[in-house]
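All values below come from the heavy atoms of this structure, side chains included, with hydrogens, waters and symmetry mates left out. Letters go in sequence order (proteins before strands), and every chain restarts at 1.
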Amino acid sequence: MRILWILSICFLGTFHSYANFNIQSTQLDNGLKIVFIENHVVPAVYHSIWYKVGAKHEDEDSFGAAHFLEHMMFRGTEKFPEGSIGDLVHDGGGSYNAMTSEDYTVYYQYMPAQYLKQLMEIEADRMQNLKIDKKNLELERDIILQERKMRIDNNPVVQFFEQANKQFWQKDPRKYPIIGYENDIQNLKLEILQKFHQQYYVPNNATLVIIGATDFDTVKALAKKYFGNIGSRPFPEYIAPIEPDHPKAQQLQFSHARFLETSVNRWYLGPQKTGNGFQSDIVLGMLATILGGETGVLYQELVERRRLAYDVDFDLATSIHGGRLLYDFSAVCVDPDGDEELIAAFEGIIAEFINNPPSQEEIDHIAKRATNEVLLLNEQILQVGGLLGAYLMLGYNIDDLQNYAQQMQKITVKDIQDAAKQLFTTSKPMTITMKARGLK
Amino acid sequence: MIRLFISFWLLLLPILSWANVTEHKLDGDVSFWLKAVPSSNTVSIHISFLGGDLHDPKGKEGAAMLASGMLWAGTKQHSELEFLNALEDGSINLNFWASDDRFHAAIYALKNETPKAVDLMFEAMLAPDLSRSSLKIEKQSAMSYLKEQALQPNYKFNVFMNEIITQDQPFFQRLTTAKTVKRIKLKDLKQYYKNTFTKEHMVITITGNITAAEVKQLLTPYISKLPQKGDFKPLDITLDPKFDGKTHVFEQDVEQATVFWLQKGIYIQDPQIYKLILLNEWLGGAGGILKEELREKQGLTYNVSTDLQTSQFYQLYSGQMAVDNNKVERAAENIRSIWQQVKENNQKQQGDYYLSAQELDRLKKRFANAWSISFTDNAAVNNQLMRFRLANYDVNAMEDFIQQIQDVSYEDMQDFIEKFLQPTELTLFTLKQVK
């Protein structure tokens, strides 16, 4: 996760520093947003459509619906029956997939650039004419149940984190798993999925993000041709619940016969956001870079000097549009019974860090590293596509991204110190211990 | 030994046709392949030496892995932290790892950071700061991890399968465990470095914005310091797997079952490999028969995958899927049935599971299209060049590969399916919930 954040720093810097990564954007009359970066490193396009609908839009009757609908989107339309997307992409030598988060659902393909027209045609068609029938629903239900077992139920660590999320969040939708619980998946009704699609899969709730070997005029013309006739519709407004500060520290302990090592996670709630949170998010990103990773303060102290842990990290764990960031300190203890000592040492280091933050020179030094990373990213079309879409869904705007490098260079010692104080002292953390039990 | 090593061909799919790879000589008969990309901003360098897991001394399995890890413990010139900071300052991606019979060092960096990257890479390899205390920590960490791994159902399942497949071939039954790692001493690592970092059997591939003259200038000072030979020799061993055609059941406390199947594959050097690549794409690829039947039509699994475990040491063709504990027998029967029907329908030239001439043409077209877009950066190109080099392909391998695929005739393919698929030898393993 830390790497992702570092990459994101770099990525953002790229827009500032390099004209060849120039983001171009427009909007159709029906509200469909189009964001494009021309890139000729490979004769291909990354084509994606991002709908602002995810797990946070669900209620007790529809838990798991956003993700379930993502699966159903591959079951086809009248014009493009089941398998059409797969056939097109496979025959073209490309790849495709989709993903659901709390905030959004994204469908993306990577193909030779000449296929852009067909990709848009299919996406426009399934935005309007998705067929959801009972037989396919039941088949997909079985598949999703197996997906849940594979990702969560068959892995005690992930299972425990699911329980920790449920306890940690009071109002935030991250309380609930995106895929839903087994019972939700078993009981989701066809009408709910149809309603979800009808309500949220509208052009004024979607953004096309395209990167690759074509030009903006072509992209605009194709988008107008295939999406331009789709009428906009109002969709339910989402009001983000405000996650309050957590007044009391929480402790959770799990154990399992397969654990022979003891690991510790400590979750910290980021500040309430003002505006879209861009300014505070980049400062927290810098803080995580200073504290986390192998060259970070925590690793050097806890792993290298004190030998209390085999591995430690500190990084952004999850984020959500309009919500508070979640930061995670994680460590694997050298002594299976050494979790309390490790946490005490961590707290001491953080207290010391707040009193004696790094110098401006050190902060500037890290900001400078990002410039090089930017250049490396220049040649990675898929990563850039994914990051650009995700940041737009998170609420950052294109100007934020374009000016990111300038903002990075303005971060001061006081910014870092204030951010650390705010993060580590305002809201109380949750400590999750996965305790060794194996062979005992 | 059922190794979950990265499949050569799966990684290769799909790939861009980067032509004009050239071969050049360095000091001591070391050669490098170069794919120059003048428009790029980056350089990827991959160096491979003879000396991998299979060279580990008996009873000290894990030595090559540990030796790779210890290269991060700092050097005689730089502490561990200084070394890592130097890499981060230049945004240099550096990796060391051991595979079956090779040690690999790879960098991916901006052009102007490449000299620094090369310097740091060789500094770590040739002047590691080896101390008993840092080895002790590295071993503790590895042993702790391995002990926990040994408790995991999938690990136990792998050991179970390994014993059945390798039977009387003890060399392939060796496993890295906490016990074997504990026995590794500092002198073993020193011996490993001495035997590995030599000019003999060293191969290099480079992709990016760099010329042959620049490469020579950059690498010669380091390579000239290497001894010509070490004690490691190319291994003349092959696994002779035992496929009894049965279904072997292994019970553990698992929420979801796994079905794993295995049959004889094709060695990487065998020209038949191109036919297997096509067959595998049709059978186990993203839009293949198995996914269509087992996921899309029956809803049995979230994902089904196949793997060409091919190298100079192994020729295995395997697949796996995760299914509900209550449906594991049905899933296993399905696999057997599909194998049987593909073979029968190939003979009859009709039916659901039948690779028609038209289908074969589609597959070939797919490869041709994929070839043009799938190298998304220089590191990806370079890694593929190294795979070709290590498999003894020639310098035109990038261009030849797609041609070889296109040259497979329909008759060849029918003949291949008939001989390759042996349903009676298809051996299945299931990991399922304890009764």
Hey, are Q146(A) and T301(B) close enough side-chain-wise for a donor-acceptor pair under 3.5 Å?
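Q146(A) and T301(B) do not have a side-chain donor-acceptor pair below 3.5 Å.
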So, R148(A) and Y302(B): side-chain donor and acceptor under 3.5 Å apart, yes or no?
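Not at all, the side chains of R148(A) and Y302(B) share no donor-acceptor pair under 3.5 Å.
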Between the side chain of [X] and the main-chain N/O of [Y], is any donor-acceptor distance below 3.5 Å?
| X | Y | answer |
| --- | --- | --- |
| Q152(B) | R258(A) | yes |
| E255(B) | D153(A) | no |
| E148(B) | E261(A) | yes |

What option among E304(A), E82(A), M111(A), K149(A) has the most heavy-atom pairs under 4.5 Å with chain B?
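Most heavy-atom pairs within the cutoff with chain B belong to K149(A).
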Given a strict heavy-atom distance threshold of 4.5 Å, which part of [X] is in contact with chain A: side chain, backbone, both, or neither?
| X | answer |
| --- | --- |
| K364(B) | neither |
| A380(B) | neither |
| Q298(B) | backbone |
| S39(B) | neither |
| E80(B) | side chain |
| K327(B) | side chain |

Rounded to the nearest 0.5 Å, what separation is found between the [atom1] atom of [X] and the [atom2] atom of [Y]?
| X | Y | atom1 | atom2 | value |
| --- | --- | --- | --- | --- |
| Y310(A) | Q140(B) | OH | CD | 4.5 Å |
| T295(A) | E88(B) | OG1 | CD | 3.5 Å |
| E296(B) | N136(A) | CD | CG | 9.0 Å |
| N154(A) | L431(B) | CG | CG | 8.0 Å |
| H256(A) | D253(B) | NE2 | CG | 6.5 Å |
| S144(B) | D311(A) | OG | CG | 11.5 Å |

Heavy-atom cut-off 4.5 Å, strictly under: side chain, backbone, both or neither for [X] against chain B?
| X | answer |
| --- | --- |
| R141(A) | neither |
| E140(A) | side chain |
| Y115(A) | side chain |

Nearest heavy atoms of [X] and [Y], plus distance in Å:
| X | Y | answer |
| --- | --- | --- |
| F375(B) | V42(A) | O-CG2, 3.4 Å |
| L139(A) | G299(B) | CD2-N, 3.5 Å |
| T376(B) | Y110(A) | CG2-OH, 3.3 Å |
| N369(B) | P112(A) | O-CG, 4.3 Å |

Considering only NZ, NE, NH1 and NH2 on the basic side and carboxylate oxygens on the acidic side, decide whether D91(A) and K365(B) come within less than 4.0 Å.
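Salt bridge: no.
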Crowding at [atom1], [X] (>12 non-hydrogen neighbours, <6.0 Å):
| X | atom1 | result |
| --- | --- | --- |
| K135(A) | NZ | no |
| K179(B) | NZ | no |
| K435(A) | NZ | yes |
| Y155(B) | OH | yes |

Contact leader toward chain A among [options], where contacts are heavy-atom pairs under 4.5 Å:
| options | answer |
| --- | --- |
| A322(B), G285(B), S141(B) | S141(B) |
| A150(B), P153(B), S134(B) | P153(B) |
| L363(B), N112(B), T258(B), N85(B) | N85(B) |

Quick one, [X] and [Y] - any side-chain contact, counting heavy atoms below 4.5 Å?
| X | Y | answer |
| --- | --- | --- |
| D142(A) | L300(B) | no |
| E147(A) | N303(B) | no |
| D377(B) | V41(A) | no |

With salt bridge (Lys or Arg N to Asp or Glu O under 4.0 Å) as the criterion, how do D87(A) and R362(B) come out once you've worked through the C-alpha distance, each side chain's angles and the decisive distance to 0.1 Å?
CA-CA 10 Å; D87(A) 286 348; R362(B) 271 183 79 185; 3.7 Å; yes
